[in-house]
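One structure below.
Excluded from the calculations below are hydrogen atoms, water molecules and symmetry mates; all remaining heavy atoms, backbone and side chain alike, are included. For this chain, numbers begin at 1 and follow the sequence in order.
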Amino acid sequence: MNINENTAAILKEIEQKYESINQKTETQLEGLLWSKPINYWDYIQTDALLNLQVQRTVLPDEMVFIVYHQINELIFKMILWEMNQVSHAVNIQADFFTDRLARISRYFDMLTTSFSIMENGMDVNQYMKFRNTLTPASGFQSAQYRLIEFCATDLVNLIDSRFRATFGHTISNENAFEMLYWQAAGKEQQTDAKSYTLSSFEKKYKAAFLTYMEEYKTINIWQKYKQLPLEDQESSSLKEAMRHLDYTVNIKWVMQHFNVAVKYIDQSGMGDGEATGGSDWRKYMHPKYQKRIFFPELWSKDEIENWGQEQ
């Protein structure tokens, strides 16, 4: 049997691959004789994916709502995938850092522009009917989005603005968790009691959140930036990538979400002005109140002071 040089080189690399894990190359190659060719629908798992949309009502536009939010969660997964590459990179280089930040920003740019699907793609009448079946579920129960925040910045920047100035960096994760800005969205303002929405969210995800809070203290995006050589930190392209991501996530994307909520909850004249989870969504969502900023050191005092004011 004649084997050309290219094929021989590939076979040699295959042999080395399986030798490194104490496997017989011939066994692996023989397995290829019986393996089925891959199809698009098998690789993407199309059938499984398209069977994950289960409506609670008979209203057609509920499907838009479900699919759109599932797409959001898939994009969040892609964002976390990129963030984890940055956080766990050893001796990270500025060009790799900048490239991954650009990827993350593109995902959030897409999320931002896609909100027109929610804003203009659902009948208000239908939405105001099927949203009642969603109570007490709330968008703030997106666990992946909370993980994105832990991966992005130091905990102090995620603390409720009322406690941020006095927040101690030696505080335990358990205590810090109770001061996270989104906790206020799930507590009764008068009694500080946790709503069912918040309690059930914590029951399912708190352990994972505490693990992330500890793991990413020293390897979040901001900390990885600070670990770069000073000349790399001063790179205008890297700084701009950091600022773009910060602004896109914490102002543009948030405000698109806010404006959609205003349209359906406030301006429709058909609801009671309350979110499905019962939160004070205006102060929770609008960036000018909490001033959520991932990388405050990259913004001027005036920019921070006016954060979200122009929206």
Side-chain angles (χ1 to χ4, degrees), residues 40-41 44-80 106-149 182 184-187 194-205 208 248-249 252-287 311:
Y40 171 83
W41 52 89
I44 302 300
Q45 293 291 292
T46 309
D47 293 340
L49 189 63
L50 298 182
N51 277 287
L52 295 175
Q53 296 76 45
V54 181
Q55 291 190 223
R56 293 175 62 86
T57 73
V58 297
L59 299 163
D61 282 358
E62 186 189 0
M63 184 60 73
V64 177
F65 188 87
I66 293 171
V67 174
Y68 179 76
H69 282 82
Q70 289 184 343
I71 290 170
N72 276 206
E73 291 293 337
L74 289 172
I75 298 299
F76 289 162
K77 183 172 184 176
M78 294 172 74
I79 290 167
L80 283 168
R106 280 195 291 272
Y107 298 144
F108 268 109
D109 286 337
M110 185 179 80
L111 288 171
T112 300
T113 56
S114 72
F115 254 113
S116 61
I117 294 171
M118 285 278 288
E119 186 173 9
N120 304 310
M122 293 190 301
D123 180 81
V124 175
N125 249 332
Q126 290 188 40
Y127 174 76
M128 296 309 295
K129 290 176 181 176
F130 73 68
R131 76 184 292 269
N132 289 330
T133 70
L134 308 181
T135 304
S138 171
F140 91 78
Q141 291 177 315
S142 171
Q144 286 199 112
Y145 188 71
R146 302 305 161 205
L147 298 181
I148 287 169
E149 293 180 317
W182 47 265
K187 293 180 179 179
K194 294 186 179 183
S195 66
Y196 174 83
T197 302
L198 178 57
S199 296
S200 60
F201 186 44
E202 289 184 0
K203 183 177 181 180
K204 183 167 179 62
Y205 293 112
T248 300
V249 176
K252 289 181 67 178
W253 186 72
V254 171
M255 282 307 302
Q256 284 295 99
H257 196 167
F258 179 85
N259 290 333
V260 171
V262 167
K263 173 181 176 178
Y264 287 100
I265 301 175
D266 265 356
Q267 296 177 352
S268 69
M270 300 177 64
D272 55 12
E274 292 188 4
T276 51
S279 66
D280 186 354
W281 58 273
R282 298 165 193 82
K283 289 188 176 181
Y284 158 68
M285 291 176 64
H286 202 295
Q311 302 299 314

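- For Glu73, the side chain to side chain donor-acceptor pair (under 3.5 Å) partners two or more places apart in sequence, or in a different chain, are Ser142, Gln144.
- Here Leu50 contributes atom CG and Gln70 contributes atom CD; the two are 9.5 Å apart, rounded to the nearest 0.5 Å.
- In this view, Lys77 satisfies the salt bridge (charged side-chain N to carboxylate O under 4.0 Å, His left out) rule with no residue, not counting sequence neighbours.
- Of all heavy-atom pairs between Gln141 and Ser200, the closest is NE2-OG, 3.6 Å.
- Closest approach of Phe140 and Ala185 over heavy atoms only: CE2-O, 4.2 Å.
- The distance from the CG atom of Leu111 to the CH2 atom of Trp253 is 6.5 Å, given to the nearest 0.5 Å.
- The shortest heavy-atom contact between Val254 and Met285 is CG1-O, 2.7 Å.
- Of the possible donor and acceptor atoms, one in the side chain of Ser195 sits under 3.5 Å from a partner among the backbone N and O of Gly186.
- Taking CD1 from Ile71 and CE from Met110, the interatomic distance works out to 8.0 Å, rounded to the nearest 0.5 Å.
- Closest non-hydrogen pair, Tyr264 versus Met118, comes out as OH-O, 2.7 Å.
- Nearest heavy-atom pair across Thr248 and Asp109 is CG2-OD1, 3.3 Å.
- In this structure, the side chain to side chain donor-acceptor pair (under 3.5 Å) partners of Tyr68, at least two apart in sequence or on a different chain, are Ser114.
- Under the side chain to side chain donor-acceptor pair (under 3.5 Å) criterion, Gln256 pairs with no residue, sequence neighbours left out.
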Checklist entry - Going through the distances and angles, do Leu74 and Met78 end up as a side-chain contact (heavy atoms from CB on, under 4.5 Å)? => result CA-CA 7 Å; Leu74 289 172; Met78 294 172 74; 5.8 Å; no
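- Residues Thr197 and Ser138 approach most closely at CG2-CB, 3.9 Å, considering heavy atoms.
- Residues Tyr40 and Ile44 form a side-chain contact, since some pair of their non-hydrogen atoms from C-beta on lies under 4.5 Å apart.
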Checklist entry - Could you go step by step and tell me if Asp61 and Phe65 meet the side-chain contact (heavy atoms from CB on, under 4.5 Å) rule? => result CA-CA 7 Å; Asp61 282 358; Phe65 188 87; over 6 Å; no
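- Ring to ring, Trp182 and Tyr145 are not that close: their centroids are 6.0 angstrom or more apart.
- Leu134 contributes atom CG, which lies 8.0 Å from atom CD1 of Ile66 (distance to the nearest 0.5 angstrom).
- Rounded to the nearest 0.5 Å, atoms CG (Leu147) and CD1 (Ile79) are 12.0 Å apart.
- Within the structure, every pair that satisfies the salt bridge (charged side-chain N to carboxylate O under 4.0 Å, His left out) test and touches residues 139-148, not counting sequence neighbours, is listed here: Arg146-Glu149.
- Residues passing the side chain to side chain donor-acceptor pair (under 3.5 Å) test with Gln126: none are found, sequence neighbours excluded.
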Next on the checklist: side-chain contact (heavy atoms from CB on, under 4.5 Å) for Phe76 and Ile148? Distances and angles first, verdict last.
Outcome noted: CA-CA 8 Å; Phe76 289 162; Ile148 287 169; 3.8 Å; yes
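- In this structure, CZ in Phe115 is found 12.5 Å from CZ in Phe258, a value given to the nearest 0.5 Å.
- Considering Gln53, Lys129, Arg56, Arg131 as possible partners of Glu62, the one that fulfils the side chain to side chain contact (heavy atoms under 4.5 Å, CB included) test is Arg56.
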